[in-house]
Amino acid sequence: MKKIVLIGRSEAGKTTLTQALRGEKIHYHKTQYVNNFDVIVDTPGEYAQTKGLGHALALYTYESDIVGLLVAATEPYCLFPPCITCMANREVVGIVTKIHEQGANLERAASWLKLTGCKKIFYVDSKTQEGVPEILEYLREEGDLMPWEREKPESQ
């Protein structure tokens with residue numbers, strides 16, 4: 001699978017999405033440092049929100065095939081400036097999270113991601129898994145076997 005780095009402000013849903021993509025049980029976990037998993041890099045929101053730490057995010061984009069910019073549909077503003085995707089030397093996709101929460105505005109979040117330069121946008125509810133298979137399929141490379149394609153062992 002292609003490796004993706006998830007970038008967004010605190011509470012945008014990066015860690016919850018990471019858990020969903022990995023097939024783990026969803027539980028709250030505050031990310032304190034960069035978690036570099038096999039095909040997912042989960043970054044703390046403070047890295048994107050703090051100028052002095054933002055440079056570290058660039059290093060993790062170099063280790064990834066795809067950059068995922070996350071914006072929660074409930075956010076009152078966008079952290080990312082217009083045309084920022086040209087700063088990455090990798091493909092950048094947008095991910096709108098928290099699509100079913102009260103006050104969610106999917107169109108606004110998607111328009112912010114389009115302004116950054118994202119051409120591909122995913123809509124995700126990590127708790128219900130909505131949109132998660134689409135991201136996994138997007139990350140899929142030739143020869144990858146998805147969890148739903150694996151043969152289930154016969155009961156003995």
Side-chain angles (χ1 to χ4, degrees), residues 1-24 26 28-31 33-51 53-141 144 146-147:
M1 291 191 74
K2 296 174 192 159
K3 189 168 193 167
I4 186 169
V5 58
L6 302 177
I7 300 172
R9 73 179 198 90
S10 295
E11 300 181 19
K14 298 176 301 296
T15 300
T16 305
L17 178 58
T18 296
Q19 292 169 359
L21 290 169
R22 297 185 73 200
E24 298 174 355
I26 304 295
Y28 177 76
H29 172 76
K30 172 65 182 121
T31 303
Y33 47 87
V34 175
N35 291 302
N36 197 344
F37 298 109
D38 46 359
V39 294
I40 304 167
V41 180
D42 182 15
T43 63
E46 290 80 7
Y47 279 46
Q49 293 169 249
T50 308
K51 183 179 180 184
L53 296 173
H55 303 300
L57 292 174
L59 298 175
Y60 288 98
T61 65
Y62 301 145
E63 294 184 18
S64 303
D65 301 305
I66 296 178
V67 176
L69 299 182
L70 275 76
V71 173
T74 55
E75 292 186 28
Y77 64 91
C78 182
L79 180 68
F80 307 113
C83 303
I84 192 72
T85 59
C86 65
M87 299 298 289
N89 62 354
R90 302 286 187 266
E91 179 183 0
V92 182
V93 298
I95 303 172
V96 177
T97 59
K98 303 183 181 187
I99 61 173
H100 294 305
E101 288 198 14
Q102 185 175 355
N105 187 332
L106 281 62
E107 294 79 22
R108 180 178 62 195
S111 69
W112 286 335
L113 288 167
K114 288 175 186 172
L115 282 173
T116 69
C118 293
K119 305 262 188 275
K120 176 77 175 160
I121 298 177
F122 295 95
Y123 298 87
V124 176
D125 183 330
S126 297
K127 294 176 183 173
T128 66
Q129 293 284 310
E130 184 176 339
V132 171
E134 288 82 359
I135 295 174
L136 288 171
E137 192 64 41
Y138 195 75
L139 298 175
R140 181 183 200 160
E141 294 182 299
D144 286 344
M146 297 309 209

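Residue indices begin at 1 and follow the sequence shown. Please read these numbers as outputs of a predicted model, since none were measured by experiment.
Distance check, rounded to the nearest 0.5 Å: CD1 of Ile66 to OG1 of Thr61 gives 12.5 Å. Distance check: Phe122 CZ to Glu137 CD gives 10.0 Å after rounding to the nearest 0.5 Å. Remark: Glu24 CD to Thr16 OG1 distance equals 11.0 Å, nearest 0.5 Å. Rounded to the nearest 0.5 angstrom, Thr15 OG1 and Asp42 CG are separated by 3.5 Å. In this structure, CG on Leu115 lies 12.5 Å from CD1 on Ile84, to the nearest 0.5 angstrom. Remark: Ser64 OG to Leu139 CG distance equals 10.5 Å, nearest 0.5 Å.
The side-chain contact (heavy atoms from CB on, under 4.5 Å) with Ile7 is formed by just one residue from the set Leu79, Val92, Val41, Leu69; it is Leu69.
Annotation: Lys2, atom NZ; neighbour count of heavy atoms from other residues, nucleotides and ligands within 6.0 Å is above 12.
Between the Thr116 side chain and the Thr85 main chain, no donor and acceptor come within less than 3.5 Å of each other. With hydrogens and angles ignored, the 3.5 Å screen pairs a side-chain donor or acceptor of Thr43 with a backbone N or O of Leu6. A donor-acceptor pair is defined here as one N or O able to donate and one able to accept, closer than 3.5 Å; such a pair exists between the side chain of Lys14 and the backbone of Gly8. Looking only at distances, no side-chain donor or acceptor of Arg90 sits under 3.5 Å from a matching main-chain atom of Glu63. Formation of a donor-acceptor pair under 3.5 Å by the Lys98 side chain with backbone atoms of Glu11 is found in this model.
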Inset, instruction - For side-chain contact (heavy atoms from CB on, under 4.5 Å), just list the numbers for Leu17 and Val132, CA-CA rounded to whole Å, side-chain angles, deciding distance to a tenth of an Å, and then say yes or no. - result: CA-CA 8 Å; Leu17 178 58; Val132 171; 4.3 Å; yes
Legend entry - Pair Glu130-His100, side-chain contact (heavy atoms from CB on, under 4.5 Å): steps then yes or no: CA-CA 10 Å; Glu130 184 176 339; His100 294 305; 2.6 Å; yes
Legend entry - Ser10 vs Gln49, side chain to side chain donor-acceptor pair (under 3.5 Å): CA-CA, chis, key distance, verdict: CA-CA 8 Å; Ser10 295; Gln49 293 169 249; 2.8 Å; yes
Legend entry - Verdict with supporting geometry, Leu136 and Met1, side-chain contact (heavy atoms from CB on, under 4.5 Å): CA-CA 8 Å; Leu136 288 171; Met1 291 191 74; 3.8 Å; yes
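In this structure, Ala109 and Val96 approach most closely via the heavy-atom pair CB-CG1, 3.8 Å. Taking both residues in full, the closest heavy atoms of Arg9 and Glu75 are given as NE-OE1, 3.1 Å, listed atom of the first, atom of the second, then distance. When all heavy atoms of Ala12 and Ala72 are compared, the pair lying nearest together is O-CB, 4.0 Å.
Looking only at side-chain heavy atoms (C-beta outward), Ile40 and Ile4 come within less than 4.5 Å of each other.
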